[in-house]
There are 2 protein chains.
Amino acid sequence: MRITKGKILQVSGTLFNEKGLSNVSMRTIADELTISPGNLTYHFRKREDIIEALYFELVDNMNEAIAQAQQTGLASIYQMTQAINSILYTYRFIMLDFTTIMRNNKKIKTHFEKLCELRKVQFTGIINHLIKTGILRQEELPREYEFLYYRFQLIGDYWVSSAEILHQKIAKKHIELYNEIILQSLYPYLTKKGRNEYHALMKSILI
Amino acid sequence: MRITKGKILQVSGTLFNEKGLSNVSMRTIADELTISPGNLTYHFRKREDIIEALYFELVDNMNEAIAQAQQTGLASIYQMTQAINSILYTYRFIMLDFTTIMRNNKKIKTHFEKLCELRKVQFTGIINHLIKTGILRQEELPREYEFLYYRFQLIGDYWVSSAEILHQKIAKKHIELYNEIILQSLYPYLTKKGRNEYHALMKSILI
DNA sequence: ATATTATTAGTACATTTGTACTAAATTAAA
DNA sequence: TTTAATTTAGTACAAATGTACTAATAATAT
């Protein structure tokens, strides 16, 4: 059976997730696929090319998820958080070596920087909308929601790593936990109306 | 001049911070110290021993800082945050490879796990005290302050990495920024009394 | 059927790494 | 001063890694 780029990426991703990025060499991947190293380098000349391809898979999945989640209010935030965290879990090896990858791969780093700018704008838009609709209170401190965003982003980028360390090994069940940890950080900024919506949302999720 | 363990650790730390953990080999360190590799391995038989020693330096510094900061209320939290973040910056190479180190070094991992338990108890104590003294509001959600702690911890463990990625390279000036980002996450849980104390604290810092 | 292209296996090379080992040199002890 | 211990330099080794190269095989096109 002929090997495909897709199959290589799929197996590589699984291996990276299981063993950790640095413990998977080109030979490891070739062995798992029962193909020769020569064959592997024919499809991906460099190991970094595999990592890049998987990173952009992640990004594609993310964009799709964000595009789909077009609800309003808190529900949309919840839905996005959930979708994003699931994807981050799927590509958890990237998140577990996030800092290393960003430091060593300029192509990925450059792309990620632009992504951050976009995300910040999107976040600001949502926040402003929530304020207008009386769900979120006004800012009381300088840069208050800007800093909230930084915390959101930081937790988004690193909850997988944190979970891996805190709970021996990260598992699927942790996604829900961190969904809630992230979502709760919004709660104390909500107005009375917002809190009611929050509680309603929580009830609807439990069902 | 005779080489000392202290000198080796100091130079290793600087190199690790500048070049990143994975880009500093035993030979790099020996070269920088203008000693032979043989001499270096005489003082530290394994590269991992150097990393461990530096980790425990960090821990010692941390414990000392926490022991000293015995104020009350929000001021104590601010003081501790500030001290801890400064130390984390000093040993930033550890934070930049935090996940990798925790995954690969069992000794450090085991120690860190115990440290986490202790920190959580300390945090819970402070929170309860702040509630009693009417500075922090009661919990409104299940596990609300537990989750706040997880966010605190996560940001504490990874703000260095995040700053490194977001701002090309982490610098001393970022410490203040993240002090505030962390401290602000407490703000919306404060009572009226607590918020007054918060504003007073902020004014006193600006001076 | 033949020619061309794509795919595969196998191997080889250069580099790097941690660290073990030996012998010399230096320092401390008697 | 002689002996013992400590420290140093230099080297060597084994393992792993990314990836380039060559020749074979298989697939496709003409």
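Chain letters run A, B, ... following the sequence lines, proteins first and then strands; every chain starts at 1. Remember, predicted model here, so these are calculated numbers, not experimental data.
- Between A:Gln184 and B:Arg151, the shortest heavy-atom distance links the atoms CB-NH1, 3.9 Å.
- Counted by atom type alone, B:Tyr158 and B:Thr99 present one or more donor-acceptor pairs between their side chains at under 3.5 Å.
- The distance between atom CD1 of B:Ile35 and atom P of C:dA24, rounded to the nearest whole Å, is 21 Å.
- Look at CG on B:Leu40: it is 16 Å from C1' on D:dT11, rounded to the nearest Å.
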**Message:** Applying ring-ring contact (aromatic ring centres under 6.0 Å, His included) to A:His111 and A:Tyr55, what does each step give before you reach the verdict?
**Reply:** CA-CA 10 Å; A:His111 177 275; A:Tyr55 169 79; 5.5 Å; yes
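- Note on A:Asn39: every side-chain N or O is 4.0 Å or more away from OP1 and OP2 of C:dT7.
- In this structure, A:Asn23 places its CG atom 13 Å from C1' of D:dT17, rounding to the nearest Å.
- Rounded to an integer number of Å, the gap from A:Ile3 CD1 to C:dA9 C1' is 14 Å.
- Which of D:dT6, D:dT11, C:dT17 sits closest to the side chain of B:Pro37 comes down to D:dT11.
- Distances shown here put every side-chain N or O of B:Lys46 at or beyond 4.0 Å from the OP1 or OP2 atom of C:dG18.
- For B:Tyr42 and D:dT7, the shortest distance from a side-chain N or O to OP1 or OP2 is below 4.0 Å.
- A perpendicular orientation is assigned to the rings of B:His174 and B:Tyr178, their planes being inclined by more than 60° (bins at 30° and 60°).
- With rounding to whole Å, A:Asp31 atom CG is found 12 Å from D:dA16 atom P.
- Between A:Glu57 and A:Leu9, the shortest heavy-atom contact is OE2-CD1, 3.7 Å.
- In terms of position along DNA chain D, the nucleotide closest to B:Thr41 lies nearer the 5' end than the nucleotide closest to the other residue of the pair A:Ser22 and B:Thr41.
- Close to C:dT19, at under 4.0 Å from its OP1 or OP2, lies no side-chain N or O of B:Arg45.
- Using a 4.0 Å cut-off, no side-chain N or O of B:His43 falls inside it from OP1 or OP2 of D:dT6.
- At a cut-off of 3.5 angstrom, counting only N and O atoms as typed in the model, there is a donor on one side and an acceptor on the other between the side-chain of A:Arg27 and the base of D:dT19.
- Distance CG (A:Leu33) to C1' (C:dA9): 14 Å, rounded to an integer number of Å.
- Distance CZ (A:Phe44) to P (D:dT17): 19 Å, rounded to an integer number of Å.
- Rounded to an integer number of Å, the gap from A:Met26 CE to D:dA20 P is 10 Å.
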